[in-house]
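The structure under discussion appears below in the form of structure tokens.
Every value quoted in this text rests on a predicted model; they were computed, and no experiment measured them.
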Amino acid sequence: MSDIIFEERKDQIHVKGEGPFKLACNRDSLAGAVSQRACVFCGSRVVLYPIADALHLVHGPIGCAAYTWDIRGALSSGPELHRLSFSTDLQETDVIFGGEKKLYAALTELIDRHQPKAAFVYSTCIVGIIGDDLAAVCKKVSAEKGIPVIPVQSEGFKGNKREGYLAACKAMFTLMGTGDTSDISPISLNILGDFNLAGEIWIIREYFERMGIQVVANITGDGRVGDIARAHGAALNVVQCSGSTMDLAKMMKDAYGTPVVKVSYFGIEDMAEALYAVARFFKDKDPDMLARTQALVKEELAVLYPKLSQFRKDLEGKKAAIYVGGAFKAFSLIKAFRHLGMSVAIAGSQTGTPEDYEELASICDPGTIIIDDANPLELSHYLKEKDVDIFVGGVKERPIAFKLGVGFCDHNHERKEALEGFVGMYNFALEVHRTVMSPVWRFVPRRAGKALAESLDDLPKECAL
Amino acid sequence: MSSQSDIADATAVLDAEAGPLKPKPEPFVSTTNACKLCKPLGATLVFKGIEGGVPYLHGSQGCATYMRRYIISHFREPMDIASSSLGEKQAIYGGGPNLKKGLLTVMDKYGAGMIGVATTCLTETIGDDVPGILMEFRREFADLGVAPVVNVSTPSYSGTHMEGFTAAVRAVADQLATADAKTAAVNCFPGFVSCEDIRHLKDVFASFGLTATILPDYSETLDGPAVEDYEKIPSGGTPVKAIKAMGAAPATFEFGRTLSEPGEAATAGGLLASRFGVPLKRLGLPIGLRETDAFFKSLESVSCKPTPRRRALERGRLLDAFVDGHKYVSQKRCVIYGEEDLIVGLTSFMAEIGVIPVLVAGGGRSGRLEKAVRAACEGLVPEMPEVAEGVDFYDIADRARELAPDFFLGHSKGYRLAREMNVPLVRVGFPIHDRFGGQRLRHLCYQGAQELLDRVVNAMIETKQTGSDIGYGYI
Ligand code: SF4
Ligand code: SF4
């Protein structure tokens, strides 16, 4: 391996087919390596943030709140409290004498001002150190204001995003079991692990409604506190395979016996399979559902296929790289690229588990680089080595691709294009096509340089001067 | 720090916030939509502007990642910030070992020519003695010939990203500058300006026959050309060698009207003056006519050359445009917000062209904003603008709704408010992440004023045009 790879990280990179599959993961990031990862706080913020009628107060210094102010694309059909950035903006005196008083005052003030249905209070690194008793303050304010005020134990240094997901799930679970479930149909479900980026959950909800299913709670895209409070009344939890809300589904299963199906809404097979899995679940209660679902899928594909084949003509044989937050998304992306006639040469994630990577390896082509918790040096190295045509990732990955003259598709929480569902597959293909087929790459030095070398023989032999 | 004047200032701000007719509101405890960023962010920008420099955050991984994300969204360039990636164990037992290991990693893999270490809230609170750890580090690894490491203390619970920026510039001068080398280059500490501004400043110095050591200089590192290969550390930046020679420079130009008093060594310029006797020219950011005139005057005196014809023509064209454009903007009311030095400069410029700044608001708390804004407006506006320090967008929105400005002048974060009020936002400053090319906007000197003027005038014309029922095609 190249000298780009850190000695300590060698076992976090695997080339499929070279030796038995083993990948180290879920490790602390290496000090000094520019990890693409965020923190626990980031994880819980991602999950809880789309709950639009709750107050989201970041207890800490200003940065943690400022950097997460309305950067994501989670849409709401009603209230938009989630798009504001609230912080206790801790100052030196608070750090010395403790921030509980300020937290109490801030919470009281903000609840009075905005009348939220609940409040989430996120603790940040510094709060973990000064030891503010978040739970006690929340309990007090909750009693005074009569709404749930929920501490989220998300001190950034206590791990990576995954711990944040768990903290978020624990926080949401405290809401459950408190709402009225009397009007919930036996054919009903909760959507977990979708954040309504660019309105995606609306697409998925519509499919389920067309199948004849009541959607009880969106967790958490376009989410409402009241819906989550009665989510335990739903017959099924459908968890999108992002890993972020699986913990909540487990808690609900243990406490309320709610069954779980794991799905993905990205790409054709996975989207269709998601709907079929749900239809199969309800087949005893509604024998016609499967047929209705088949009709739905057929109808959607009839629109989608001809459009995709247009793209495929151009994209056939091109290569892609994937580096995303959760490993599950990578599975669907690999399949989606295959539909476009493309192969995936690099697949990685920030927070995959051993099982995730196992599965990832099983669907990858031989020679694919599988990588955990990468950094710009490694990413740029492999992008070049594999000479890919497109890179799928987030904001931090984008400039790396562009610098190397590689197309890019934003597939993270900041995206503003819906990529889920059948229409999402179309949007994805369109975006891939737009970037891969752009003429600009021909002029980028790395590519143009190559072309130049190839055409050196064509240079005029004689010079007029 | 005089507490008396602090109280007086605070009261003045509250009075201003209350507006003339309203009772004094209770001061808010919480922050909603901050008009500032955190301290280490400013420091990382400074370190990124040094040749071979890698910014390094001593803290948990999240801070570095968030700041990278944020900075990338403005500059659209790679922004690698290394981190100590502290976990729970280090948070309890101290981050020293991780810091040392991280520094070695960065030197090894990146081949850093300089590493700038900024602390975070976490490492400040657990009390890591970074200078001490670095001393040990240098001792332990002396045989490796380690790159220079500069450190700055940047706890966000006391200050904004601009204070982090200023502190980092000072730390670099403090820890690297000597009086040993001979140099003819003047020093320039421009503050947080755009990449295009830095490039323009170099041109301006050059047209007076001067070479300037501009610190920081991220004009290439954060706005680089397309190149053949991925550069681990992009080329460009202030050369470390030039920084080392700063103590022998014939003069220092330092921009900013809300920096500490010039006599103090609290800024890089003050420090070089007091330690090495480098004459200090303390000026406002050269935004608009008068501040640029002042800058050019001092360039004339340092270079002993008159303003070259080319620049004089730029000035003349600007004045011509003042006249051509004045009716479109005269008596338009605007709200200006953002970083303190920048908004002082913008206010000064708006006052010159007849725009009435009705509210000038910043997230910082230097205690010097009000005075600087007053000085900038003196004699030009019918009424002094309200000045608000330490405010967030909740406060700004509150006042703006009452003041009903014709436009906003500031960074992208005011968009929501401008949209709500259905008035244009002329984007200036950082971050600009809802438009393209924020790093290439020019604000400084006559040319910068020209470009800003064009944008403001066009915003007013566009408003009139789109607001008219018949859509005038000729305005
Ligand atoms: S902890 Fe401090 S340094 Fe880190 S992001 Fe938050 S405010 Fe900034
Ligand atoms: S301080 Fe902690 S919680 Fe805040 S951004 Fe940094 S790592 Fe995350």
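- Heavy atoms closer than 4.5 Å to chain A are found in both the backbone and the side chain of Lys413(B).
- Pro225(B) touches chain A through its backbone: at least one of N, CA, C or O sits under 4.5 Å from a heavy atom, while the side chain does not.
- Put simply, of Thr88(A), Ile71(A), Asp28(A), the one with the most heavy-atom pairs under 4.5 Å next to chain B is Ile71(A).
- Looking at Ser30(B), the atoms closer than 4.5 Å to chain A (heavy atoms on both sides) sit in the backbone and in the side chain alike.
- Interface remark: Tyr394(B) contributes side-chain atoms only to the contact with chain A (heavy atom separation under 4.5 Å).
- The residue among Val444(A), Val40(A), Ile130(A), Leu30(A) with the most heavy atom pairs within less than 4.5 Å of chain B is Leu30(A).
- Of all the listed residues (Asn33(B), Thr160(B), Thr31(B)), the one sharing the greatest number of non-hydrogen pairs under 4.5 Å with chain A is Asn33(B).
- Taking both residues in full, the closest heavy atoms of Ser35(A) and Arg68(B) are given as O-NH1, 3.1 Å, listed atom of the first, atom of the second, then distance.
- Within the 4.5 Å cutoff, the side chain of Tyr70(B) has no heavy atoms near those of the Trp69(A) side chain.
- Contact tally against chain B (heavy-atom pairs below 4.5 Å) for Leu107(A), Ile96(A), Val395(A): the top residue is Val395(A).
- Interface remark: Ala91(B) contributes backbone and side-chain atoms alike to the contact with chain A (heavy atom separation under 4.5 Å).
- Tyr66(B) and Tyr67(A) have parallel rings, their planes meeting at less than 30° on a 0 to 90° scale where 60° marks the start of perpendicular.
- Side-chain contact check for Lys396(A) versus Met79(B): every heavy-atom pair is 4.5 Å or farther apart.
- Closest non-hydrogen pair, Gln61(B) versus Arg37(A), comes out as CG-O, 3.4 Å.
- In terms of heavy atoms, Thr105(B) sits closest to Gly32(A) at CG2-C, 4.0 Å.
- Between Arg416(B) and Asp70(A), some side-chain heavy-atom pair lies under the 4.5 Å cut-off.
- If you measure heavy-atom distances from Lys36(B) to chain A, the contacts under 4.5 Å come from both the backbone and the side chain.
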Discussion item. Set out, in order, the CA-CA distance, both residues' side-chain angles and the distance that settles salt bridge (Lys or Arg N to Asp or Glu O under 4.0 Å) for Arg69(B) and Glu397(A), then state yes or no.
Written reply: CA-CA 9 Å; Arg69(B) 196 212 69 81; Glu397(A) 284 78 48; over 6 Å; no
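- At a 4.5 Å heavy-atom cutoff, the contact between Tyr230(B) and chain A is made by backbone and side-chain atoms alike.
- When every heavy atom of Pro61(A) is checked against every heavy atom of Ser156(B), the shortest pair comes out as CB-CB, 4.1 Å.
- Between chain A and the options Lys39(B), Met67(B), Arg76(B), heavy-atom pairs under 4.5 Å are most frequent for Met67(B).
- The shortest distance between side-chain heavy atoms of Lys403(A) and Pro78(B) falls below 4.5 Å.
- In terms of non-hydrogen atom pairs under 4.5 Å with chain A, the most contact-rich of Ile115(B), Thr125(B), Val106(B) is Thr125(B).
- Note: Val227(B) leads Leu103(B), Val227(B), Leu86(B) in heavy-atom pairs under 4.5 Å with chain A.
- Both the backbone and the side chain of Thr32(B) have a heavy atom closer than 4.5 Å to some heavy atom of chain A.
- Between the side chain of Gln91(A) and the backbone N or O of Ser158(B), no donor-acceptor pair lies under 3.5 Å.
- Highest contact tally toward chain B, considering only Leu377(A), Leu404(A), Ile400(A), is held by Leu377(A) [criterion: heavy-atom pairs under 4.5 Å].
- For Ile81(B), the part lying near chain A is the backbone, with the side chain staying farther off; criterion is any non-hydrogen pair under 4.5 Å.
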